[in-house]
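Lettering follows sequence order; numbering is per chain, from 1. Just so it is clear, the values below take in all heavy atoms, side chains as well, and ignore hydrogens, waters and symmetry mates.
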There are 2 protein chains.
Amino acid sequence: MPRKTPEKTDAYSHDHSRLIEAWRVMHYALRAVIAEPDRMLAKRGLTRVHHRILFFVARQPGMSVGELQTVLDVTKQALNTPLKQLQTQGLIDLSKAAHDARVRRIELTAEGASLEAKLTGEQLHMFAEAFAHAGEDATASWFEVTGKLAERIAR
Amino acid sequence: MPRKTPEKTDAYSHDHSRLIEAWRVMHYALRAVIAEPDRMLAKRGLTRVHHRILFFVARQPGMSVGELQTVLDVTKQALNTPLKQLQTQGLIDLSKAAHDARVRRIELTAEGASLEAKLTGEQLHMFAEAFAHAGEDATASWFEVTGKLAERIAR
DNA sequence: CGAGATAGGTCAATCACATTGACCTATTCT
DNA sequence: AGAATAGGTCAATGTGATTGACCTATCTCG
């Protein structure tokens, strides 16, 4: 799909520099969304892994260590340390499952839930702002393009 | 901006699950764009750093080590190893600058240029496809939303 | 009941990677 | 000639993640 004229390109022509700009903007958008939560986490000596744990536990309270291991795709050794740190800081609560005492029930404490809401809320707020700014149609378009990009990944 | 009615939300209301979906899709899009080049690099024992070097040198042939250090935001020690590897594999060419023999001119070899074109081309192709699929207006909207998100980052 | 499987925890070795600091050469600038 | 600069290299350190081995508590099943 070559460009036809210098002053106007048809709807399906995308020149090199525009595509590079797309890639660049996407990187910066990612960094922007991650930046503020990272700063909040750093204050407590925590990292993105801790946020990921809080995020999933918030959405599936009582999930087990094994389930968490699966969704996060990490080994139990890699999970153990941050999990203990979160427990020590009183952000999560570990208890034995009723149906099987070998299994741990992981839940957020009130403080953990509060922190999670702040972290994730900050990120979702950025999206909400960008979507609100662009309008509903643009939002749908954004989903269409980004979803198309994501299509190649199995999951 | 609370939701008004359950069945229809106005253009500026974005509920929780939709925002989470946006975040999720963006992650997957990122991974999708990175996945294939990473696989190609891995075959040669290279990583994303090497691609970044090739990318910038392709766009500014003859740039110095110091300049590369600046754009990549890494120390010279961190840059030195991958740079030597690229040289060993015959992908880049180092020579002394004419105006100052202390300064290195970094250029891609034919093979380096070919690899760079394949790596970056693969990524840009994904964007081109997604944009072409969604159309020109949707593309503009995508830039608007993503650009709005990226706005918070200085650079 | 007793053997084997399972969930989770822990210790240790290793690997990859980046960072800081110190020191060295070649070269240019003054 | 002496100071500054571009680059290179060695060494120590720190962080994370990975694998492997081994341990306890608990459950399941013949």
Side-chain angles (χ1 to χ4, degrees), chain A residues 27 31 34 37-39 41-57 60-89 91-107, chain B residues 27 31 34-35 37-39 41-54 56-57 60-89 91-107:
Chain A
H27 270 294
R31 284 183 41 192
I34 286 175
D38 268 8
R39 241 173 282 132
L41 286 159
K43 280 183 197 162
R44 298 174 179 247
L46 303 178
T47 67
R48 227 165 290 167
V49 193
H50 300 91
H51 184 189
R52 301 224 299 146
I53 294 173
L54 294 175
F55 177 88
F56 283 108
V57 174
Q60 195 179 316
M63 74 189 301
S64 70
V65 173
E67 287 166 345
L68 198 47
Q69 219 180 291
T70 302
V71 297
L72 296 182
D73 191 31
V74 291
T75 62
K76 60 179 173 180
Q77 293 93 328
L79 190 51
N80 193 275
T81 306
L83 219 41
K84 275 194 300 188
Q85 292 167 333
L86 290 173
Q87 193 185 20
T88 301
Q89 294 199 15
L91 299 170
I92 62 171
D93 195 61
L94 298 180
S95 58
K96 296 188 176 182
H99 67 291
D100 188 337
R102 291 171 304 179
V103 177
R104 303 274 165 280
R105 270 183 66 79
I106 315 175
E107 287 170 302
Chain B
H27 270 293
R31 283 183 43 192
I34 287 175
D38 268 8
R39 240 173 283 132
L41 287 158
K43 280 184 198 164
R44 299 175 179 247
L46 303 178
T47 67
R48 230 166 288 167
V49 193
H50 299 91
H51 185 189
R52 301 226 298 147
I53 294 173
L54 293 176
F56 283 107
V57 174
Q60 196 180 318
M63 73 190 301
S64 71
V65 172
E67 287 166 344
L68 199 48
Q69 219 179 293
T70 301
V71 297
L72 297 182
D73 190 32
V74 293
T75 61
K76 61 179 172 179
Q77 293 93 328
L79 190 51
N80 192 276
T81 306
L83 219 42
K84 275 193 301 185
Q85 292 167 334
L86 289 173
Q87 192 185 21
T88 301
Q89 294 199 15
L91 299 170
I92 62 171
D93 196 61
L94 298 181
S95 58
K96 297 189 175 181
H99 67 289
D100 188 336
R102 291 171 303 181
V103 177
R104 303 274 165 280
R105 269 183 66 79
I106 314 176
E107 288 170 300

Problem set entry | For atom CG of A/L83 and atom P of C/dA7, their distance in whole Å | 16 Å
For this session: Could you check how far CE of A/M63 sits from C1' of C/dG8, rounded to whole Å?
Result: 15 Å
For this session: From the options D/dT19, D/dG7, D/dA17, select the nucleotide whose nearest atom is closest to the side chain of A/T75.
Result: D/dT19
Seminar exercise, completed: Sequence neighbours excluded, the answer for side chain to side chain donor-acceptor pair (under 3.5 Å) partners of B/T47 is B/H50
Exercise. Reading nucleotides 21-30 of chain D from the 5' end, what letters show protein touch, with B for base, S for backbone sugar-phosphate only, - for no heavy atom under 4.0 Å?
Worked result: B---BBS---
Exercise. What does B/V74 touch in the nucleic acid at a heavy-atom separation under 4.0 angstrom: a base, only the sugar-phosphate, or nothing?
Worked result: nothing
For this session: Take atom NE2 of B/H50 and atom C1' of C/dA18, then tell me their distance rounded to the nearest Å.
Result: 14 Å
Exercise. For B/Q69 and B/L79, which heavy atoms make the closest approach, and how far apart are they?
Worked result: N-CD2, 3.7 Å
Problem set entry | Least distance between heavy atoms, B/H51 atom then B/L41 atom | CB-CD1, 3.8 Å
For this session: Let me know the distance between CZ of A/R105 and P of C/dA7, rounded to the nearest Å.
Result: 17 Å
Problem set entry | Which residue lies more 5' along DNA chain D, comparing B/G66 with A/V49 via nearest heavy atoms | B/G66
For this session: Sort out for me which residue in B/R104, B/K96, B/R102 forms a salt bridge (Lys or Arg N to Asp or Glu O under 4.0 Å) with B/D100.
Result: B/R102
Exercise. Which residues pass the side chain to side chain donor-acceptor pair (under 3.5 Å) test with A/R52, sequence neighbours left out?
Worked result: none
For this session: When you get a sec, tell me which of C/dG8, D/dA6, D/dG16 is the closest nucleotide to the side chain of A/T47?
Result: D/dG16
Exercise. Would one find a side-chain N or O of B/N80 under 4.0 angstrom from OP1 or OP2 of D/dT9?
Worked result: yes
For this session: Using modelled atom types only, decide if a donor and an acceptor are shared between the side chain of A/E67 and the backbone of A/G62 within a distance under 3.5 Å.
Result: no
Seminar exercise, completed: B/Q69 atom CD is separated from D/dT9 atom P, nearest whole Å, by 14 Å
Exercise. Within the structure shown, what part of the strands sits under 4.0 Å from B/T81 by heavy-atom distance: base, sugar-phosphate, or nothing?
Worked result: nothing
